[in-house]
Participant: 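Before I ask anything, here is the structure I am working with.
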Amino acid sequence: MARHLITSAIPYINGIKHLGNLVGSQLPADLYARYLRARGHEVLFLCATDEHGTPAELAAAKAGKPVDEYCAEMWGVQKELSDGFRLSFDKFGRSSSAQNRALTQHFAGKLAEAGLIREVTEKQVYSKADGRFLPDRYIEGTCPNCGYDRARGDQCENCTKQLDPTDLIDPRSAISGSTDLEVRETKHLYLRQSAMRDKLNAWIDEKTDWPVLTTSIARKWLNDGDGLQDRGITRDLDWGVPVKKGDEDWPGMEGKVFYVWFDAPIEYIACAKEWADEQGLSDEAWERWWRTDKGAEDVRYTQFMGKDNVPFHTLSFPATIMGSGEPWKLVDYIKSFNYLNYDGGQFSTSQGRGVFMDQALEILPADYWRWWLLSHAPENSDSEFTWENFQASVNKDLADVLGNFASRVTKFCRSKFGETVPEGGEVDAAIMAKLQGFDETLAAYATHMEAMEVRKAAAALRSLWAMGNEWLQDAAPWAVFKEDPAKAAAIVRLALNLIRAYGVISAPFIPDASHAMLSAMKTEDASWPTSLSEIATALPADHDFTVPENLFRKIADEEREDWQSRFAGVRT
RNA sequence: GGGCCUGUAGCUCAAUUGGUUAGAGCAGAGCGCUCAUAACGCUUUGGUUGGGGGUUCGAGUCCCUCCGGGCCUACCA
């Protein structure tokens, strides 16, 4: 029994996430959370929407809604979809919550007290027509280097030259197209990350067991060029956490908000408070997860995220926590993922390319997607979704191997013994031969799950399912029955117990089908098995069961072709 | 430009960190079974590990080089 705090990178509010986003953070985090709970650990699994920033404002404007209203609606949509995918968050919060506002301001105050905030007056491009300062990316113009006429203020996409917005020829607002731009002075707060470079470096050096992807990105930022740079943590926007020093006003920073990347990770903490508040619990309830002086010393904290999020989680957020001088829990392990590509290109939210969470659930239930995505998680390199591969994996693994096992066993039993676990006989060593490696694979499965080796865990689980078929084929109760019904009964008894065991161990991957298996076996016993001998006796003779509906249906070629063409273009 | 990752069977991926004959699943071929969702099982074909060079008793693994793919490069989040 241990205590595990798990967070998934928080999805941005401006639209529905695609399957690449899902498999890069929320889904593997859910897999891990479900597994640890099933093994009896105490788990707090948190996620939220990341709501602040320019893109949210623009998306709201496009939808013709006030930004707070837009975010509230989109939170509802994302919450519904995460429920649809069976993501088992203990709390799905919002970075715009009152809790996060207070905590973000608190951290800023502490950092200021520690001398880790400096004020910088800088020049930024202001668009009079848009009535806002424009982030570099939202300024377009002609590249001075190559002449490309849609270069952005941070970089020319055509010749990849890094630019300053003032380098652009004929600059215009990418939002409105207005050329009525001017450079204005504005004051911002910078987090002095450079002052914490040594501390962060030493901390990263300790993390020898982290994925290479995680540490190499962190090291790159720490050591590249002049080393870790200070980062601006405020913006000239309306939508965000107002800049304050704790409870107090921050002279000179009126009307400004914190940068999303400052308040978003703090939401991991605030979300725990949202969780406690919602249930009427005291602060102690969430502080025991987050404050090492209040019980979080023995918590193991694991974060899940796509590789694009790594710098903020390995450097900026730890800098915030360390710099506060307060005993907040630092992350113990960061599991990062590469990208999932879609049929030869990238999934893209902005371009509407690929399959999005809502569309996926319209087509097929969550388990189908969960199984494919997790068993193909982009752990070592980018991986690719194709409809053919999806169809083949789902049909073979879920319908043929697992679903059909449950079907053939329960239906055979019903026809020969009725819908009751049959009694009599004994399964001898010869009959057990085909289950030789079962315990070993079961242990390997657990080891992979604990190590968050997602694809290896999926392969081990599939292998356990396959062993059921191999064994059953060898034991052949349909043949044995003719000569020795008692022996056939014993075989079927073990087979039915295997279904229950599959229901338990498969639950982190395919929770709905697992639930269906357990309820068909009419058992509440979800205790995690560690050996075949435990499995064999869970359901005793005379225990009733029902033949379940087919656990999975197969994807027909015509359907696949239909989806293939339907999702070939971009989402409108 | 710089940095990091990556290239293994038709496809998706392994390979105990330098150790025997590079392994699985899918797809393909053959056989078997008839409980089951035309499902299951057994056997089997298939690789100059992107190309070239080097180190080593030994290289998929380390070094160099070339070719291809991807990501990051700090104001998208």
Participant: Check for a donor-acceptor pair, side chain of Gln26(A) on one end and backbone N or O of Pro11(A) on the other, with a separation under 3.5 Å.
Facilitator: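 It does not hold such a pair.
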
Participant: Hey, does Lys307(A) reach any base, or is it just sugar-phosphate, or nothing, if we go heavy atoms under 4.0 Å?
Facilitator: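 Sugar-phosphate, no base atom in range.
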
Participant: Considering Watson-Crick and G-U wobble pairs with both distances under 3.5 Å, what does G1(B) pair with?
Facilitator: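 Paired with U73(B).
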
Participant: Regarding Ser393(A), tell me which of base, sugar-phosphate or nothing describes its non-hydrogen contacts under 4.0 Å with the strands shown.
Facilitator: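 Nothing, no heavy atom under 4.0 Å.
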
Participant: Nearest whole angstrom, please: distance from the C1' of G25(B) to the CE of Met467(A).
Facilitator: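 That distance rounds to 14 Å.
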
Participant: Regarding Lys335(A) and the six-membered ring of Phe337(A), is the cationic atom NZ or CZ under 6.0 Å from the ring centre and inside 45° of its axis?
Facilitator: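 That pair qualifies as a cation-pi contact.
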
Participant: Quick one: is the NZ or CZ of Lys416(A) closer than 6.0 Å to the six-membered ring centre of Phe481(A), and within 45° of its axis?
Facilitator: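 Judged by the rule, Lys416(A) and Phe481(A) form a cation-pi pair.
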
Participant: Could you check which nucleotide pairs with G19(B) in any of the strands shown, counting Watson-Crick or G-U wobble with both distances under 3.5 Å?
Facilitator: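 WC or wobble partner is C57(B).
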
Participant: In whole angstrom, what separates Tyr339(A)'s OH from C4(B)'s C1'?
Facilitator: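 Nearest whole value for this atom pair: 13 Å.
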
Participant: Sugar-phosphate means primed atoms, P, OP1 and OP2; the rest is base. With that split, encode nucleotides 27-33 of chain B 5' to 3' as B, S or - using protein heavy atoms under 4.0 Å.
Facilitator: -----BS

Participant: What form does the base of U21(B) take, syn (within 90° of 0) or anti?
Facilitator: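 Anti, angle beyond 90° from zero.
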
Participant: For a quick check of understanding: with a heavy-atom distance under 4.0 Å over all strands, which category does Asn389(A) fall into, base, sugar-phosphate or nothing?
Facilitator: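 If one applies the 4.0 Å heavy-atom cut-off, Asn389(A) turns out to touch the sugar-phosphate alone, with no base involved.
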
Participant: Indicate, with a heavy-atom threshold strictly under 4.0 Å, whether Glu470(A) touches base, sugar-phosphate, or nothing.
Facilitator: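 Contact class for Glu470(A): sugar-phosphate only.
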
